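Working notes, beginning with the structure itself.
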Number of protein chains: 2
Amino acid sequence: MKIAILGTGTVGRHLARGWLRAGHDVVLGSRRPREARSRTGDLPLTDLAAAVADAPVVVNATPGTASVELLASVGADALAGKVLLDVAVGFTADGSLSHPGESLGEEIQRTFPATRVVKTLCTVDRKLMIAPDSVQGPSTLFLSGEDAEAKRTVSGLLRDLGWPADCLLDLGGIATARGQEHYSLLFIGIAQALGSYGFGIRVVEETARPA
Amino acid sequence: MKIAILGTGTVGRHLARGWLRAGHDVVLGSRRPREARSRTGDLPLTDLAAAVADAPVVVNATPGTASVELLASVGADALAGKVLLDVAVGFTADGSLSHPGESLGEEIQRTFPATRVVKTLCTVDRKLMIAPDSVQGPSTLFLSGEDAEAKRTVSGLLRDLGWPADCLLDLGGIATARGQEHYSLLFIGIAQALGSYGFGIRVVEETARPA
């Protein structure tokens with residue numbers, strides 16, 4: 001599957017290598033591909049519009065505070081009908097969420113109503129994203145989005161990164177992206193306590209009651 | 001140890017039974033103990049001031065949007081020097097956090113500087129609070145607070161509820177209460193997806209690298 005990854009930061013590059021390894025046709029998209037070349041190495045790289053053009057799946061790995069503007073520069077028409085896998089979380093300069101009480105995922109879905117937004121992967125570090133077995137046991141990944149088919153497509157792409165199907169938890173519509181994005185503050189707290197971003201969280205369900 | 005639990009809702013009553021079971025001297029405190037009697041059954045119950053009077057540990061299990069006002073009615077002097085175990089999270093009428101970008105725990109600590117606030121237990125349902133083995137494996141509980149001795153006291157009280165020491169993660173100062181409180185939105189999303197509040201989350205750390 002052709003996957004356009006917008007953003008050439010460490011998250012975008014990690015995801016590119018993860019999906020290339022799984023055999024997908026991946027291209028990175030940058031506002032300034034010439035300047036980005038120094039950090040993208042041998043990864044396929046072009047401008048935003050060219051990356052998106054014939055890719056059914058677009059990944060938003062741009063900084064969360066710039067994402068809507070960058071996607072708008074690509075254009076709602078160019079993004080219409082596509083699956084948009086949104087991994088970004090926006091932080092203001094003082095470390096607060098850029099969308100308190102709401103979410104970037106919802107803003108993107110509202111701004112591009114013809115695009116099928118699925119929020120996921122934003123609760124783990126870039127390394128765990130593509131190496132889910134790097135931690136001491138399975139951890140849980142969450143999905144939020146309005147379109148069931150888009151969530152199936154994204155679930156398949158997550159399995160291609162190594163995430164077992166029973167580690168994926170569909171939270172419901174795009175409004176549930178709030179939970180994923182607000183978790184960032186606990187994520188940072190746990191990372192500082194452990195001295196490492198290399199951790200996941202596992203949802204541990206109730207013990208089944210005797211029948 | 002004498003523990004005063006402010007709030008006679010289901011959280012306060014569950015915690016009261018948990019610590020009574022462990023042999024502690026527990027009293028519930030209510031603004032209107034006569035009216036509260038119908039729901040507190042045989043649990044020791046008095047007014048807020050009397051409950052706090054000779055208890056070294058005070059538990060805030062009042063509604064998060066009313067907590068600061070209720071604690072102020074008890075008085076900063078009456079709360080000075082005490083350990084205040086804060087489990088509350090405030091939600092506005094539309095379901096948003098009452099302290100976006102901040103936390104109730106911080107507001108309480110700022111308002112009562114002579115009181116030693118420890119935020120914990122707010123990431124799990126009342127049932128799991130006092131029955132940590134009701135889920136399929138250990139889950140993690142978080143602590144936030146400025147005072148190391150207060151956190152040790154609270155850790156002991158959590159162990160008395162059945163939480164193993166290696167399930168407790170000290171996140172640092174009271175500002176890290178933001179993470180615990182902001183997680184509420186993900187907690188609600190997970191609960192709706194599972195159809196149950198009976199779950200915890202476990203922090204799954206990185207596999208140790210070979211030496």
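Excluded from the calculations below are hydrogen atoms, water molecules and symmetry mates; all remaining heavy atoms, backbone and side chain alike, are included. Naming: A, B, ... by sequence-line order, numbering from 1 per chain. On a predicted model such as this, the values are computed, not experimentally measured, just so you know.
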Between Ala193(B) and Asp170(A), the two heavy atoms sitting closest are CB-O, 3.5 Å
Of Gly179(A), Ser144(A), Ala175(A), Pro138(A), the largest count of non-hydrogen pairs under 4.5 angstrom with chain B goes to Gly179(A)
Bottom line for Gln192(A): the part with an atom under 4.5 Å from chain B's heavy atoms is neither
Closest non-hydrogen atoms of Leu97(A) and His182(B), given as atom of the first, atom of the second and distance, are CD1-CD2, 4.2 Å
Mind telling me whether Tyr183(B) and Tyr183(A) have parallel, tilted or perpendicular rings, with 30° and 60° as the class edges? perpendicular
Turns out that what part of Asp94(B) lies under 4.5 Å from chain A's heavy atoms comes down to neither
Here the gap from Glu205(B) atom CD to Gln136(A) atom CD, rounded to the nearest 0.5 Å, amounts to 6.5 Å
Counting heavy-atom pairs under 4.5 angstrom with chain A, the leader among Thr92(B), Thr176(B), Thr123(B), Leu194(B) is Leu194(B)
Subject >> N/O donor-acceptor pair under 3.5 Å between Glu206(A) side chain and Phe199(B) backbone >> reply: no
Max heavy-atom pairs within cutoff under 4.5 Å with chain B, candidates Ser96(A), Gly200(A), Pro100(A), goes to Gly200(A)
Looking only at heavy atoms, the pair that brings Arg178(B) and Leu185(A) closest together is CB-CD1, 4.2 Å
So, the part of Leu171(A) with a heavy atom under 4.5 Å from chain B: the answer is both
With chain A, the option among Gly137(B), Gly189(B), Ser134(B), Ser139(B) that has the most non-hydrogen atom pairs under 4.5 Å is Ser134(B)
Turns out that what part of Tyr197(B) lies under 4.5 Å from chain A's heavy atoms comes down to neither
Applying a strict 4.5 Å limit to non-hydrogen atoms, the region of Ile190(A) in contact with chain B is both
Leu186(A) and Gln180(B) have their tightest heavy-atom pair at CD1-N, 4.0 Å
